[in-house]
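Reading through the structure tokens given below for one structure.
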Amino acid sequence: MAEETKKEGDYDFAEAEARILDFWEKKKIYAFDQKSKKKIFSIDTPPPTVSGKMHLGHAFMYSQMDFIARFHRMIGENVFYPFGTDDNGLPTERLVEKMNNVKSKSMDRGDFIELCLKTLKKITPRFVQDWKDIGVSADYDLYYSTIDKHCQKISQKSFIDLFKQGRVYKKDFPSLWCPECQTSIAQAELEDKEFGSLFSTLKFSVAGKTLGIATTRPELLPACVAVFVNPKDKRYKEIIGKRAKVPLFDFEVPIIADSSANMEKGTGVLMVCSYGDKYDAEAIARCKLEPKIVMNKDGSVNYGEYGGMKIKEARKKIIEDLKAQDLIIEQKSITHAVNVHDKCGTEIEILPTEQWFIKILDLKKKLIEQGKKINWHPDFMFKRYENWVNGLEWDWNISRDRHFGVPIPAWTCEKCRKVIVANESELPVDPIMTKKKCSCGGDAIGESKVFDTWQTSSITPQIAAALVSGIKIPYSVRCNAHDIIRTWDFYTITKSFLHENKTPWENMMVSGFVTLGGEKMSKSKGNVVEPQKIMETSGADGLRFWAASSKLGEDLDYQEKEIVSGKKFVTKIWNATKFVSQSLSQENVSFQGPKNPIKKREGFCGNKKPKKLEETDRLFLASLNKVIDSATGSFSDYEYSRAKQETMNFFWHVFCDNYLEIVKRRVYSGTKEEKESASYMLYQSLLAILKMMAPITPYITEEIYQNYFKKFEKDNSIHISSWPEKIKISEKKDDGSVLDLLLSVLGEVRMAKSKAQKSMKAEIVLSLEKEKIEKLKLVLEDLKGVVSAREIKTGSFSVEFL
RNA sequence: GGGCUCAUAAGCUAGCGGUAAACUGACUCGUUUACACCGAGUAUUCCGAGGUUCAACUCCUCGUGGGCCCACCA
């Protein structure tokens with residue numbers, strides 16, 4: 001690409017965006033007004049997990065939220081848009097471990113927490129700056145971090161409330177366990193991953209006869225506690241009630257008839273191990289079998305000569321040993337999907353550990369009802385929520401065997417096992433640091449586990465509301481991408497239901513993903529595009545303009561070329577403004593590019609209504625009014641992409657390509673009245689266009705507003721100015737058709753000139769049908785001027801060159 | 001296997017029950033008093049098959065092909 005040369009007077013977005021951002025911050029343009037009586041528009045966005053940099057998906061989604069936020073601010077609502085970061089729990093621990101090359105599990109708890117806090121302090125400001133840079137109009141003074149005292153307090157209070165409601169229980173129970181992170185996890189943190197595996201049919205024996213059982217996990221043989229066959233399965237009728245001998249380990253387990261055994265799969269015989277999957281856990285509980293735990297928390301096994309080996313190592317060795325003793329009937333390679341931990345990709349195990357749960361399985365119906373009360377944009381996204389709730393199989397596990405998180409404010413009595421929770425007055429509390437006595441006289445031991453980050457990040461509406469007064473639940477709107485419907489949205493809906501018996505939000509905006517060549521961007525695929533890079537080359541406005549090009553909920557393929565149109569828009573509106581300004585400044589001085597654009601400049605004289613409005617101007621204003629109407633409607637319906645398209649179409653093709661060309665004649669050589677009318681039209685349209693684009697491209701619109709409009713307008717910033725209303729003009733019902741005719745004649749003349757390979761300025765004699773001349777009689781002078789016609793004659797359409 | 005969703009020009013996306021668009025790209029031409037990061041113009045298009053209808057790209061059904069979520073570890 002050729003190096004672009006900047007000319008004097010060109011818009012320098014890098015310089016301007018930095019300066020304008022600073023202006024917004026200093027003037028607190030986006031501050032929530034606690035004293036105002038205006039209608040509140042409250043916004044809940046998921047606090048991004050602190051990592052090095054904002055990614056493009058964030059930029060995409062937060063831009064979309066911001067379009068709506070800015071629109072509501074301009075229609076006169078008091079926008080409450082706090083900003084938070086999510087910075088505790090496993091994701092943060094993993095980041096800190098990586099950055100500092102340490103392992104949380106092998107560090108002292110206090111030291112590790114200190115390291116986390118120190119690291120966060122270092123990286124958070126840079127991280128948040130990305131949000132500011134793309135122009136997210138949050139009130140950054142209303143800031144929370146999910147590990148700060150304020151959040152800890154509210155999170156702990158939430159836990160205590162739910163405990164008192166009887167919703168919280170602690171249970172020693174086989175649950176999802178990540179051997180890599182060495183913590184229990186929640187169902188929502190499961191992901192699928194395809195693995196290749198060996199599917200082996202092993203020789204069990206029953207009364208000396210061989211019984212084939214297929215498995216992919218022979219390392220669980222010593223954990224086998226029973227063998228299931230289907231009671232309807234004729235093949236195995238004889239053996240029900242007998243005992244089967246486990247190969248290699250030579251112990252016997254009962255053979256039980258259980259209808260859950262699928263006759264089609266494998267040999268139709270199933271070994272139940274403690275624990276291969278959730279099914280095993282249920283089967284063992286149902287049949288009251290005694291589990292044999294063969295796995296350690298770090299993912300190693302604990303039996304015999306294999307003791308200490310990791311799962312996969314043990315599996316390999318056992319297969320070798322089975323082979324050596326001829327205990328394998330058949331073996332084939334398969335690929336199958338396995339549940340892995342979404343944070344680290346490690347295969348999940350099921351281990352009995354003591355964890356804290358919030359009981360939710362009895363609430364499925366009610367939670368779906370809650371979801372239904374929310375207006376989902378687009379509405380089909382509700383289905384995803386509903387599906388997830390319907391598919392729930394586990395209560396919500398909220399405890400994690402980690403260090404860096406909000407402490408669980410609970411103690412368990414050593415003597416009577418009673419659970420004591422903290423008093424509200426002592427929150428936030430770290431139970432490890434505080435001693436408690438049980439009413440029975442025993443010592444109560446403080447809980448050393450911490451909350452999962454969702455326990456806290458699911459109450460961001462409550463957390464942010466507590467920063468100010470006057471904010472009520474439900475909030476007006478929540479925005480996030482569709483991947484976290486099942487987690488963040490689900491948990492937040494659950495919490496608001498349990499605490500307030502309300503939905504957390506009235507509206508739900510669900511944004512799509514950014515893809516590259518149709519694929520989801522991800523670090524592991526190595527196909528990430530950094531928003532910071534885009535901003536360097538095309539500015540935040542360019543990035544946002546692109547983010548507004550697909551509708552809500554739709555994935556959008558990133559293409560570098562597409563950013564270009566945003567950049568072009570910025571240039572175009574800058575240049576159009578230059579023209580307008582230069583043509584209509586009072587002294588009519590020629591335009592000189594501003595070195596420092598925010599400085600006093602010649603302004604318009606067009607904000608005053610002229611004595612007589614030219615017919616052409618009236619027609620164009622009527623057309624503008626239609627755009628104002630539809631853009632307002634589109635923004636109200638969260639259809640920012642449609643609003644953008646409508647506004648752009650008017651700006652580019654109606655205003656620039658046609659009106660500006662038409663009006664040049666009057667600007668350069670018209671009468672005083674003609675100029676005044678044009679001036680009014682130019683001022684009103686340009687301001688309306690700027691305002692309609694302000695939610696999408698906040699920087700350039702602010703820059704132009706400050707330079708050219710500020711001295712005639714009362715508001716400090718375009719972003720707190722009022723949304724455009726229809727221009728008060730008298731409208732007639734065939735205005736549209738007259739304008740259409742004018743533009744189509746103009747188009748036909750241009751085509752004729754183009755075909756004749758003539759300049760657009762070539763002088764002509766235009767012939768036009770009588771009815772058309774009649775219809776255009778009030779705009780004939782403007783038509784004549786714009787097509788450079790010496791005269792317009794009556795006759796069938798023709799263009800004669802002179 | 002279940003659910004949701006998408007399928008429109010070379011690419012990326014709008015759109016609508018009345019007969020197709022914007023942007024990028026290609027091609028032709030033009031441009032010096034806003035803009036060569038421009039203007040005018042040309043070419044190319046609604047996945048397939050049925051159905052509803054006076055009329056379907058738009059609604060319905062089926063198929064095909066993507067995407068996402070869930071289930072699937074014997």
Side-chain angles (χ1 to χ4, degrees), chain A residues 4 7 9-11 190 192 195 197 199 201-202 213-217 220 227-229 260-262 264-273 276-280 334 336-339 347-348 378 380-388 390-393 482-483 485-486 512-513 515 517-520 546 549-551 553-583 590-591 641-642 644-646 648-649 652-653 656-657 660-661 664 667-668 746-747 749-762:
Chain A
E4 289 167 30
K7 287 202 315 258
D10 280 355
Y11 175 63
L190 294 179
D192 285 356
F195 281 104
S197 184
F199 191 57
T201 306
L202 308 180
I213 299 183
T215 182
T216 56
R217 303 202 57 184
L220 288 177
V227 162
F228 280 7
V229 295
S260 69
N262 186 334
E264 311 291 314
K265 282 189 181 175
T267 58
V269 188
L270 153 75
M271 68 172 194
V272 177
C273 302
D277 55 20
K278 184 171 198 288
Y279 171 89
D280 283 344
I334 56 162
H336 63 167
V338 179
N339 278 325
E347 289 179 54
I348 287 304
F380 66 79
M381 289 293 180
F382 165 70
K383 283 278 173 198
R384 301 210 178 176
Y385 169 80
E386 189 181 25
N387 281 348
W388 172 255
N390 276 328
L392 281 175
E393 292 193 341
H482 54 69
D483 58 332
I485 290 175
R486 64 188 194 137
F513 280 143
T515 56
E519 282 196 46
K520 193 183 159 185
W546 162 78
S549 57
S550 77
K551 59 182 173 181
E554 290 294 309
D555 292 352
L556 182 60
D557 207 61
Y558 174 77
Q559 283 204 314
E560 201 173 334
K561 287 185 261 174
E562 281 193 33
I563 303 281
V564 170
S565 41
K567 218 176 155 183
K568 281 189 178 178
F569 162 70
V570 168
T571 308
K572 186 81 176 174
I573 199 161
W574 180 253
N575 287 325
T577 305
K578 279 202 302 198
F579 168 73
V580 171
S581 157
Q582 149 192 355
S583 313
S590 66
F591 183 85
S641 64
R642 184 187 288 207
K644 173 192 144 191
Q645 193 181 321
E646 288 161 344
M648 282 302 293
N649 188 52
W652 209 291
H653 301 299
C656 290
D657 293 347
L660 291 189
E661 291 307 317
K664 275 176 182 171
V667 164
Y668 300 142
L746 181 47
V749 174
R750 282 172 175 161
M751 203 192 296
K753 288 185 176 180
S754 203
K755 279 206 176 115
Q757 307 199 344
K758 297 278 188 183
S759 156
M760 287 300 132
K761 290 189 171 165

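Just the heavy atoms: all of them, side chains too, but no hydrogens, waters or symmetry mates, feed the values below. Labels below follow one simple rule: chain letters A, B, ... track the order of the sequence lines, proteins then strands, and each chain is numbered from 1.
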Say we look at [N] and [M]: how far apart would their [atom1] atoms be, to the nearest angstrom?
N	M	atom1	result
B:C47	B:G65	C1'	8 Å
B:G2	B:C72	C1'	11 Å
B:C35	B:C69	C1'	48 Å
B:A40	B:A14	P	25 Å
B:A26	B:C60	C1'	40 Å
B:G18	B:C57	P	11 Å
B:A7	B:G15	P	10 Å
B:C37	B:U5	P	45 Å

| said: Here's one to test your reading of the geometry: is the NZ or CZ of A:Lys664 within 45 degrees of the ring axis of A:Phe579 and under 6.0 Å from its centre? | reply: yes
In this structure, how many angstroms lie between the [atom2] atom of [N] and the [atom1] atom of [X], rounded?
X	N	atom1	atom2	answer
A:Phe382	B:U5	CZ	P	13 Å
A:Glu386	B:G3	CD	P	13 Å
A:His482	B:C69	NE2	P	8 Å
A:Asn339	B:C73	CG	P	9 Å
A:Leu392	B:G3	CG	P	19 Å
A:Asn387	B:G3	CG	C1'	5 Å
A:Asn575	B:C35	CG	C1'	4 Å
A:Glu646	B:G15	CD	C1'	11 Å

Nearest-neighbour nucleotide for the [X] side chain, [options] considered:
X	options	result
A:Ser754	B:C72, B:G41, B:C37	B:G41
A:Ser759	B:C73, B:U31, B:A40	B:U31
A:Gln757	B:G41, B:C29, B:U13	B:C29
A:Tyr668	B:A74, B:U13, B:U33	B:U33
A:Lys383	B:A74, B:A34, B:C4	B:C4
A:Thr571	B:C37, B:C35, B:G30	B:C37

| query | Given that A:Ala756 and A:Tyr279 both sit by RNA chain B, which one's nearest nucleotide is further toward the 5' end? | reply |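 Nearer the 5' end of the strand: A:Ala756.
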| query | In terms of the nearest nucleotide of RNA chain B, which residue is placed more toward the 5' end: A:Lys278 or A:Asp657? | reply |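 That would be A:Asp657.
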If pairing requires Watson-Crick or G-U wobble contacts with both distances under 3.5 Å, which nucleotide is the partner of [N]?
N	value
B:U64	B:A7
B:U45	none
B:C38	B:G30
B:A55	none
B:A20	none
B:G1	B:C70
B:G25	none

Any [X] side-chain heavy atom under 4.5 Å of [Y] side chain:
X	Y	result
A:Arg384	A:Met381	yes
A:Arg750	A:Met760	yes
A:His336	A:Val338	yes
A:Lys568	A:Trp652	yes

For a quick test of reading the model: is some side-chain N or O of [X] closer than 4.0 Å to OP1 or OP2 of [N]?
X	N	value
A:Lys664	B:A34	yes
A:Arg384	B:G2	no
A:Lys551	B:G15	yes

| task | Please determine which of A:Gln645, A:Lys644, A:Glu646 meets the side-chain contact (heavy atoms from CB on, under 4.5 Å) test together with A:Arg642. | result |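 Of the listed options, the one satisfying the test is A:Glu646.
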Report which part of the nucleic acid [X] touches: base, sugar-phosphate, or nothing (heavy-atom distance under 4.0 Å, all strands).
X	answer
A:Ala214	sugar-phosphate
A:Cys656	base
A:Met271	nothing
A:Ala762	nothing

| Any idea how A:Tyr558 and A:Trp546 line up, ring-wise: parallel (<30°), tilted (30 to 60°), or perpendicular (>60°)? | perpendicular
| query | Would you say the base of B:C35 and the side-chain of A:Lys572 have a donor-acceptor pair closer than 3.5 Å? | reply | yes
| Looking only at heavy atoms, which two atoms of A:Arg217 and A:Thr215 are closest? And how far apart? | N-OG1, 2.8 Å
| Closest approach of A:Ser641 to A:Ser550 (non-hydrogen atoms, all atoms of both residues) | CB-O, 3.6 Å
| said: By a 5.5 angstrom centroid cut-off and a 30 degree plane limit, is there stacking between A:Phe380 and B:C4? | reply: no
| request: Quick one: pull up CG in A:Asn339 and CD1 in A:Ile348 and give me the separation to the nearest 0.5 Å. | output: 7.5 Å
| task | State the NZ-CG distance between A:Lys572 and A:Asp657, to the nearest 0.5 angstrom. | result | 5.5 Å
| note | Quick tally for nucleotides 19-25 of chain B: nucleotides whose base has a protein heavy atom under 4.0 Å get B, sugar-phosphate-only ones S, the rest -, giving ---SSS-
